[in-house]
Amino acid sequence: MSPQFGIWNFDNRPVEAGFLTEVNNLLVSHGPDGQNDYSKAGILIAYSAFNTTQDSHREVQPHETPSRRVITWDGRLDNRYGLTKELAVPLANDVADVAIVASSLERWDTRCFAKLTGDWALSVWTPADRALTLAVDYMGIRPLYFRLTPDAVVWSTLLDPLVALYGSSLTIDDEFIAGYLALSPPAHLTPYREIRAVPPGCFVSIRDGQAGTYRYWTFQPGRRLEYKTDPEYEDHFRHVFRQAVARRLRSDSPILAELSGGLDSSSIVCVADDIIAMGEAGPTQLDTVSYYDAAESASDERPYITQVERKRGRKGHHIDTALYGGAFSFDYQGLVVVPGANGNTKGVRGALLEVMQRGKYRVVLSGSAGDEFLGGVPNPVPQLADLLVSARPSRFAKNLAAWSLIKKRPWIHLLWDVLLFLMPRALRAGFAKNTEVAAWIDTSFAQRHRIALRQSGPQGSYGFWQPSRKDRARTLIAMRRQLAYSNAYAGGLEDRRYPYLDQDLIEFLLSIPASQLLRPGQRRSLMRRALAGLVPAEILSRRTKGSVARSALATIETNWAALEKLLISPLSVAAGYVNRTRFEESMHAAKGGDVPRLVDLMKLLHLEAWLRNLAENHVGSSFPQGAPINEQRCLTAEN
């Protein structure tokens, strides 16, 4: 990603001398291909380039339009051809994305955001109106953060510079911490109350020191796509999935694809190979990188990785995570802006960067989100709820019996799950097992921030939507939250691309019947049917994937001496997040291998390590925090 940064003093006060140098020093490690800036009375906009496509080498940013708007763009525009056709302008390979976006903005103003397909973050300064617009793509794949005060607004596509520059004046946001301890924080939040992120599918308009947030994309529950036969769905899926992969092969350097041996990553690699072989992606080089732990037999995916490598006719890069101290690290060095950012990145991350530098890779393809949107988690409850509320008793009974056999659960238990799913979420929290709050979380903190309810998933009012469509809407929100959290600590010289989050692919998957994705005994039904013959049969027929639970337990055991230090005056206790006695009890139980909520405990340990890191770097004014700040309109709306 090419980082952008800006500051606007509302009273036109000049930006302090030397500030640009400080900003550029913070951005250059993420954008080493040249820096440029725009500066006028009271405003400074900086841009650092990280080029990954042929046209990006020719763009000049900040980009000034004929109407004197100043644009900074970080992203990949996937519908270049369609937009230029609609704009009636010729498209050449050397026309930069930012120039096409600028023309769209001149023609349609903020209405153009709904027309931009791809991963992107955009800022627009309009001197004539003294207005700033900040916008991000429909999923928030490229983030954009801002800090608004009565005197100025500062924005950046990276969270680190904002924390580094204003750390001493920041306060920890309890709302973020509650979301972090439950599942994932809402996408508009950061760990700091004074810094917010532009919500996915939205743009923020700032005028006269006031910010308003407006949504340009939302999930359409009424959008339905229904074919008569399975092959029609399979053909459509192959088209949009192939297109999603092809769009992300646009690169002027070799591409590295993560290959885990699972269905998601294997499908990306196999489809990409077919696209390249057909000459549809230009002279693109695609290699793979795989992670494994030789000591972790339950998660050693090398037999499946080998199947894909054999089909490709060449071996990829392999990284043994056991060589780097296990899967997790609590050694937070330097300023870390988000808890968990060092989770599995210290040694393994360095090994990946070494592979990328050696092979001159800049683009990484990730298989994330395939499970969530293609039926990777075989949960039949939403589909059964559809049949129940639509008054189709015979079909409901037939499917209930079939799923009861598949899941090896009594039908009465499965029926209870369906009834529970249909309850109001606040009522459901009192019955569902996944809403039980971990014992070590402070009771008053858990009650004040409704952690039990948060653990049941994203909230939202969906009226009389079909149950399965409500479930998909919540899945969309949950994925946006996961992206927002991971984006906050994404670093290094790489452009990470997600084929399964392609907008056209997601809109297709959200519009088809749920029964196409998941059927009794047919996990990932549509994907397996559509990719038969293209992906190795051994991969398509897989039913499970490895776990790293033992590695996490080993990390606790081998790092016990260091972790014991976290039990000395824990900051998470001082902040009111954690009950000290229960924290200590859980830690000692984990050392002995008894930890039923291992993931939650690991998150807590990362929280404690992160709070100590902030204290060491003098970030955060005090513990605990004061009164909550006022949120801008629409920032919390996620449906």
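- Here the OG1-OH distance, from Thr321 to Tyr291, works out to 10.5 Å after rounding to the nearest 0.5 Å.
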Checklist entry - Where do Asp160 and Leu335 land on the side chain to side chain contact (heavy atoms under 4.5 Å, CB included) test, with the steps shown first? => result CA-CA 8 Å; Asp160 299 58; Leu335 174 61; over 6 Å; no
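- With respect to the salt-bridge test (charged N to carboxylate O, under 4.0 angstrom), the residues Asp386 and Arg395 do not qualify.
- The side-chain heavy atoms of Asp119 and Met1, taken from C-beta on, include no pair separated by under 4.5 Å.
- Two residues are said to be in side-chain contact when any heavy atoms from C-beta on lie closer than 4.5 Å; Glu234 and Leu526 meet this criterion.
- When atom types are taken as modelled, the side chain of Arg496 and the backbone of Ser366 share no donor-acceptor pair closer than 3.5 angstrom.
- Within the 4.5 Å cutoff, side-chain heavy atoms of Met139 are placed close to those of Leu483.
- Across all non-hydrogen atoms, the minimal contact from Asp371 to Arg523 is OD1-NH2, 4.0 Å.
- Ser456 contributes a side-chain N or O that, together with a main-chain N or O of Leu453, makes up a donor-acceptor pair within less than 3.5 Å.
- Annotation: side chain of Gln516 is not in contact with side chain of Phe237 (no heavy-atom distance under 4.5 Å).
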Checklist entry - Can you list the steps and then say if Arg193 with Thr171 is a side chain to side chain donor-acceptor pair (under 3.5 Å)? => result CA-CA 6 Å; Arg193 291 190 297 152; Thr171 48; 2.8 Å; yes
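- The shortest distance between side-chain heavy atoms of Arg597 and Trp440 falls below 4.5 Å.
- Formation of a donor-acceptor pair under 3.5 Å by the Arg612 side chain with backbone atoms of Leu571 is not found in this model.
- In this structure, Leu162 CG and Leu170 CG are separated by 8.5 Å, a value rounded to the nearest 0.5 Å.
- Note: Tyr138 and Trp217 have perpendicular aromatic rings, judged against thresholds of 30 and 60 degrees for the angle between ring planes.
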Checklist entry - Given the rule in the side chain to side chain contact (heavy atoms under 4.5 Å, CB included) test, do Arg215 and Cys202 qualify, once you have shown the distances and angles that lead to the verdict? => result CA-CA 4 Å; Arg215 187 170 300 283; Cys202 290; 3.6 Å; yes
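- Side-chain contact between Glu608 and Leu604 is absent, with no heavy-atom pair separated by less than 4.5 Å.
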Checklist entry - Which is it for Tyr180 and Trp610 under the ring-ring contact (aromatic ring centres under 6.0 Å, His included) test, yes or no, and what are the steps along the way? => result CA-CA 13 Å; Tyr180 167 81; Trp610 172 72; 7.9 Å; no
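- Under a 3.5 Å cut-off, the side chain of Lys470 and the backbone N or O of Pro382 do not form any donor-acceptor pair.
- Pro467 places a side-chain heavy atom less than 4.5 Å from the side chain of Val389.
- Of the inter-residue distances, the one linking Leu501 atom CG with Ser368 atom OG reads 7.5 Å to the nearest 0.5 angstrom.
- Remark: the backbone N or O of Arg147 is not paired with any side-chain donor or acceptor of Glu194 at under 3.5 angstrom.
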Checklist entry - Yes or no on salt bridge (charged side-chain N to carboxylate O under 4.0 Å, His left out) for Asp173 and Arg196, after CA distance, side-chain angles and deciding distance? => result CA-CA 11 Å; Asp173 189 347; Arg196 289 295 180 252; 2.9 Å; yes
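- Distance alone, capped at 3.5 Å, is enough to place a donor-acceptor pair between the Thr475 side chain and the Asp471 backbone.
- The line from OG of Ser572 to CG of Leu607 is 5.5 Å long, rounded to the nearest 0.5 Å.
- Under 4.0 Å is where a charged nitrogen must lie from a carboxylate oxygen, and between Asp417 and Lys407 no such pair does.
- One distance of note links CG of Leu225 with CD of Glu507; it measures 11.5 Å at 0.5 Å rounding.
- In this structure, the ring of Tyr500 has its center less than 6.0 angstrom from the ring center of Phe241.
- Of all heavy-atom pairs spanning Val619 and Tyr192, the tightest one is CG1-CE2, 4.0 Å.
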